[in-house]
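Everything numeric in this text was worked out from a predicted model, so none of it was measured.
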Amino acid sequence: MKKLLRAVLTALTSRALPPLVIGLFLLLYVGIAFGTDEALTVLMEFTRKSVFLAVLLGLLPLNSALRILRETKDYLARRRALGGSAADVPPGLFDEAVELPGSRDLDELQARLDAVGYKTHRGESILAAWRGVSLFPARILLLAGIFCLFAGILVSLTTRFSYRAPLIEGELLPQAAGGEDRVAKLLLTKSSGPFLDKTLAVTLAPSNGSAGGRTFGLYPPGLYGGSFVYPRYLGIAVEFHVSAPEAPGGYDMHCVPNIYPPGKEDSVEIPNSPYRIVLKIAEPGDGSDPFVTGRATFNFKLLKGKEIVLTGSAPSGGEFVGNGYRLTFPDSRRLAITDLIRDYGVFLIWAATIFFIVAGIFWLPVRMFVPRRELLFRCGPDVIHARSRAEGKRRGHAGVFHESLDLLDSGVSRG
């Protein structure tokens, strides 16, 4: 049983596991791509619904977590070995291990290593030498980043919830947003940033009229009621009233037609009536943006069945009369079609980005200029155990190690 557990643990901590799992997902992606153009979306949906694929993906963060534990255990074991407090040195802690028969005093070797720039520690039966800075923190940060990345992907795929709704100026947030605030203002302005020409500010205010409120921009996305707020498209919500010869009471309607920016046309069926209206925002003569100014003039066609019974234009707050019909636009409001996404995996992915950046900042200068190099010599009754490890500048360190072996070999007592 212990052998089986050891074999499973070895497999789970293997460096080959992540490439293998990623390769399997890549093969599945390629297979799906032969049948659809939306291969990535289909693969994500398969993973969301398949327990097997979710468990398979879960092996990646598990592998990283176990490797963090193993790296920490090995690092502490090396520290104990170099400090002389370890009774034995487990195999695999060092890159090279050599045994020389016989015994020898290590004073001369210590003086030689001191002379070439190594710091040394001498115990009763050991000599440890080292120089440089360990890359252990960078490795832990890298593995933590990999853990957060794949854990974030797993959490996003299995728990992500998305809801799309219009945020209409002056109206309450959709119930799916989990709040009772009101959209106080939508403001589109020129951006001072290097990437976006314009930026959108969504200002919320408590629906009960009390003080306070929040404002969300485009990026980074704001968080409201546990959901990220991603404005996607801008638009104009329209309220209109139609009076017809056969229906003097008329028909009232609130709608969110797809008519922004100016020039786009959309058709809306008027419920419980034979009528349909085609709307379009007229191009402002002064080149202004109706969303920015809040002023819009609507070109329209009113159809009864397939027959056009009224055509014309009227501004928001105005009306048009003709052919026995009266069409009034009491109000129009700015809106933003918004995705409300509950996705806690995003936090882990952001954390992974930070870990990768910090690991790279630490790793590069240390690896180039002061990498860790270690030597350990332990004298037994009839044998000298020599071990070497280097995280960089391996050629020069190997030369020092082999010179040390030559020095020991030349003066080893054979009995």
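Of all heavy-atom pairs between Pro274 and Tyr251, the closest is CD-OH, 4.2 Å. When all heavy atoms are compared, the tightest approach of Ala282 to Pro262 is O-CB, 4.2 Å. Taking each heavy atom of Ala138 and Ala359 in turn, the nearest pair found is O-CB, 3.8 Å. When every heavy atom of Leu335 is checked against every heavy atom of Ala237, the shortest pair comes out as CD2-N, 3.3 Å. In this structure, Phe240 and Cys255 approach most closely via the heavy-atom pair CE2-SG, 3.8 Å. Residue Arg334 comes nearest to Val292 through the heavy atom pair NH2-O, 3.2 Å, listed as atom of the first residue, atom of the second, then distance.
Within the 4.5 Å cutoff, the side chain of Pro257 has heavy atoms near those of the Val238 side chain. When side chains are defined from C-beta on, Leu186 counts as touching Val183, because their heavy atoms get closer than 4.5 Å. Side-chain contact between His241 and Met253: absent, with no pair of heavy atoms (C-beta onward) separated by less than 4.5 Å. In this structure, Thr199 and Leu187 have side chains that are not in contact, with every pair of non-hydrogen atoms separated by 4.5 Å or more. At least one side-chain heavy atom of Phe136 sits less than 4.5 Å from a side-chain heavy atom of Thr72. A heavy-atom distance below 4.5 Å is not found between the side chains of Asn299 and Thr311. Between Arg48 and Thr158 there is no side-chain heavy-atom pair separated by less than 4.5 Å. Inter-residue side-chain proximity for Phe161 and Leu340 is flagged as unmet; no heavy-atom pair is nearer than 4.5 Å.
Rounded to the nearest 0.5 angstrom, Leu135 CG and Phe362 CZ are separated by 6.5 Å. Atom CG of Leu106 and atom CG of Leu127 lie 5.5 Å apart (nearest 0.5 Å). Distance OH/Tyr224 to CG/Leu167: 10.5 Å, rounded to 0.5 Å. Taken from OG1 in Thr353 to CD1 in Ile349, the straight-line distance is 8.0 Å, to the nearest 0.5 Å. Note that the CZ atom of Phe329 and the OG atom of Ser313 stand 9.0 Å from one another [nearest 0.5 Å]. Atoms OG1 and CG, from Thr120 and Asp114 in turn, are 3.5 Å apart once rounded to the nearest 0.5 Å.
Both tests pass for Arg131 against the ring of Tyr118: distance under 6.0 Å to the centre and angle within 45° of the axis.
Checking side-chain atoms of Glu99 against main-chain N and O of His385 turns up no donor-acceptor pair under 3.5 Å. Checked by atom type and distance alone, the side chain of His397 never pairs as donor or acceptor with a backbone atom of Lys393 at under 3.5 Å. Although no hydrogens or angles enter the test, the distance criterion places no donor-acceptor pair under 3.5 Å between the side chain of Asp181 and the main chain of Leu204. For Thr338 (side chain) and Ala336 (main-chain N/O), a donor-acceptor pair under 3.5 Å exists by modelled atom type. In terms of modelled atom types and a separation under 3.5 Å, the side chain of Thr159 and the main chain of Ser156 share no donor-acceptor contact. Listed for the Thr36 side chain is a donor-acceptor partner under 3.5 Å among the backbone atoms of Glu38. Using modelled atom types, no side-chain atom of Glu239 and backbone atom of Ser332 make a donor-acceptor pair closer than 3.5 Å. At distances below 3.5 Å, not a single donor-acceptor pair connects side-chain atoms of Arg182 with backbone N or O atoms of Gly170. Judged by distance alone, the side chain of Arg276 and the main-chain N or O of Glu269 form no donor-acceptor pair under 3.5 Å. A donor-acceptor pair is defined here as one N or O able to donate and one able to accept, closer than 3.5 Å; such a pair exists between the side chain of Asp95 and the backbone of Ala390.
Aromatic ring pairs are classed by plane angle as parallel below 30°, tilted from 30° to 60° and perpendicular above 60°; the pair Trp350 and Phe347 is perpendicular.
Side-chain contact annotation: Asp289 with Tyr260, donor-acceptor N/O pair under 3.5 Å present. Donor-acceptor pairing under 3.5 Å is lacking for the side chains of Thr293 and Ser288.
Residue Glu391 is tested with Arg367, Arg139, Arg372 for a side chain to side chain donor-acceptor pair (under 3.5 Å); the sole match is Arg139.
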Listed pairs under 3.5 Å, donor-acceptor, residues 13-27 side chains, sequence neighbours left out:
from, atom 1, to, atom 2, distance (Å)
Thr13, OG1, Leu9, O, 2.9
Thr13, OG1, Thr10, O, 3.3
Ser14, OG, Ala16, N, 3.0

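A centroid separation of less than 6.0 Å is found between the aromatic rings of Phe320 and Phe300.
Judged as a salt bridge (charged side-chain N to carboxylate O under 4.0 Å, His left out), and not counting sequence neighbours, Arg373 has no contacts. For the side chain to side chain contact (heavy atoms under 4.5 Å, CB included) test, residues two or more places apart in sequence or in another chain that qualify with Arg164 are Arg232, Tyr233, Ile337, Asp339.
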| request: Kindly indicate, with the supporting measurements, whether the criterion salt bridge (charged side-chain N to carboxylate O under 4.0 Å, His left out) is fulfilled by Arg389 and Glu374. | output: CA-CA 5 Å; Arg389 179 176 177 273; Glu374 300 169 342; 3.7 Å; yes
